[in-house]
Amino acid sequence: MHPLPVLVPLLPTALALPSPGLPFVINTWGGPFTVATDAAYASLLLPDASALDAVEVGCSACERDRCDGTVGYGGSPDEACETTLDAMIMDGASMKVGAVAGMRRVKNAIGVARRVLEYTRHTMLAGDLATRFAVENGFEEVDLATEESIRACEEWKKSGCPGNFRVHVKPDPSTSCGPYEPIPLAWGSLETTGFLAASRASKTSHDTISMIAIDARGALAAGTSTNGAAHKVPGRVGDGPIAGSGSYVDAEVGGCGATGDGDVMMRFLPCYQALENLRNGMSPTEAAENAVSRMLRRHPDLQSGIVVVDNQGRHGAAASGWTFTYAFRGGEMNATQVVTVQPVKAALVKQF
Ligand code: ASP
């Protein structure tokens, strides 16, 4: 049994919450995602615990439990009803990253990402060949679809594929499924903003676990695991496995984890930006607000949430487009706490 998470009131702008002490773990989202917080925290209490282990253990718990259905197997099926997984894990001392992108038929994406980090000189493996690497490394190959994911996907197709990610194609993607054909583009007619909401078929069309852990010796690691965006074009890779976007960690300053509209967020590297902000003296909350505001200025309809922690465990967050929550546990805390974060204010966005 996991102890019930304690709810913490709204985070005041710009102030970071104090560190509860080490070891420490923090991740995107509360509710079902606290399974991951608790699993990571328990692993940090073991003798010889490492931050990397904690991130792998925490994200793996979410992949197994599927948290709210947006991590692990059976969630966010693509247009062809297949679930594919994105994950990354990063070590804050060496800055090494292991990642898998669009990986098929293997459940434990963060586990495979860890193998990429530890047993190759690469940073990322993708698609079917990431699957082959996983199998070579002893991971089981299984179908990631569930009856529920197939049924939901078939119903989505019957209702005309609302919220798909196609643009500039015929038949009209807002009312029809494919196959699609491209429509020649006149110069300057490229959609640049205002398109995000159209690709959100439901409240849970995207979500992700991103986690940062600091072990008792002060070592930091970060990681992300997600099944991406529902109804994605097959082959789509989101921000989750991109270092600096899904998550980022540098033991000199701290760590960051993100969730939200990945197709846009990966163009801005919000976690890299947040850590540079920390390095330049901002508090974790200011660092997060600045990183989110930079994206919002260009994409006012962006849904995003990022958590930022400095290397002592002081933490904060910022969000846009939704009420975001994050969970943390550290020091002697006997239960995970969940913090609610309201979207950044428009006035703040103008300052950056
Ligand atoms: N960022 C994820 C993606 O776009 C989804 C999410 O975090 O909500 O793949």
Side-chain angles (χ1 to χ4, degrees), residues 26-33 36 59 62-63 66-79 82-88 99-104 109-110 113 124 126-127 130 144 163-165 195-212 222-248 256-274 288 291-292 295-296 299 301-307 317-327 341 343:
I26 187 167
N27 57 265
T28 51
W29 303 113
F33 290 76
C59 292
C62 210
E63 289 171 348
R66 304 166 59 222
C67 282
D68 67 348
T70 61
V71 179
Y73 67 96
S76 307
D78 65 16
E79 283 178 352
E82 180 176 358
T83 293
T84 54
L85 304 181
D86 291 341
M88 66 162 277
V100 290
M103 186 172 65
R104 310 175 76 184
I110 192 95
M124 185 188 290
L144 297 186
N164 65 64
F165 287 84
F195 59 92
L196 290 168
S199 296
R200 285 184 206 121
S202 69
K203 196 176 142 291
T204 53
S205 62
H206 61 86
D207 264 5
T208 289
I209 183 152
S210 290
M211 171 177 275
I212 307 109
T224 297
S225 182
T226 182
N227 50 34
H231 317 309
K232 57 196 172 189
V233 177
R236 181 261 191 189
V237 171
D239 57 332
I242 310 294
S245 196
S247 48
Y248 202 61
C256 168
T259 178
D261 287 319
D263 293 290
V264 165
M265 293 174 74
M266 66 200 286
R267 303 168 192 164
F268 290 83
L269 300 180
C271 278
Y272 178 80
Q273 180 65 51
V292 164
M295 297 186 288
L296 261 190
H299 291 281
D301 56 347
L302 182 76
Q303 279 184 337
S304 70
I306 67 172
V307 286
S320 66
W322 56 16
T323 299
F324 171 57
T325 58
Y326 73 89
V341 186

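Just follow the structure's listing: the first ligand is 1, and inside any ligand the first atom is 1.
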Using 30° and 60° as the class limits, which term best fits the ring planes of Trp322 and Phe324: parallel, tilted or perpendicular? parallel
Could you tell me whether Arg236 and Asp263 have a side-chain N and a carboxylate O separated by less than 4.0 Å? yes
Would you check whether Thr226 has a nitrogen or oxygen atom less than 3.5 angstrom from a nitrogen or oxygen atom of ligand 1? no
Could you tell me whether Asp261 and ligand 1 have an N or O pair separated by under 3.5 Å? no
For the 3.5 Å polar cut-off, considering only N or O atoms, please tell me whether Gly260 and ligand 1 meet it. yes
Show which atoms of ligand 1 fall inside a sub-4.0 Å distance from at least one heavy-atom site of Gly228. 5 (C), 9 (O)
Hey, is the main chain of Ile110 close enough, under 3.5 Å, to the side chain of Glu63 for a donor-acceptor pair? yes
Side chain or backbone, does Gly262 bring an N or O within less than 3.5 Å of an N or O on ligand 1? yes
Ser247 and Ser210 side chains, donor-acceptor separation under 3.5 Å: no
Decide yes or no on side-chain contact (heavy atoms from CB on, under 4.5 Å) for Thr28 and Tyr326, but give the supporting numbers first. CA-CA 5 Å; Thr28 51; Tyr326 73 89; 5.6 Å; no
Quick one: which ligand 1 atoms are inside 4.0 Å of a heavy atom on Asp207? 5 (C), 6 (C), 7 (O), 8 (O)
The atoms of ligand 1 lying under 4.0 Å from a heavy atom of Asp239, numbered in the order shown, are 1 (N), 2 (C), 3 (C), 4 (O), 9 (O)
Ligand 1 N/O within reach of Asp86 N/O, cut-off under 3.5 Å: no
Please indicate whether any nitrogen or oxygen in Trp322 is less than 3.5 Å from any nitrogen or oxygen in ligand 1. no
Logged contact type for Lys232 with ligand 1, heavy-atom cut-off 4.0 Å, is neither
Thr208 side chain to Thr259 backbone, donor-acceptor under 3.5 Å: no
Consider every N or O of Asp263 and every N or O of ligand 1, then say whether any pair is closer than 3.5 Å. no
Under 4.0 Å from any heavy atom of Thr259, which atoms of ligand 1 are there? 6 (C), 7 (O), 8 (O)
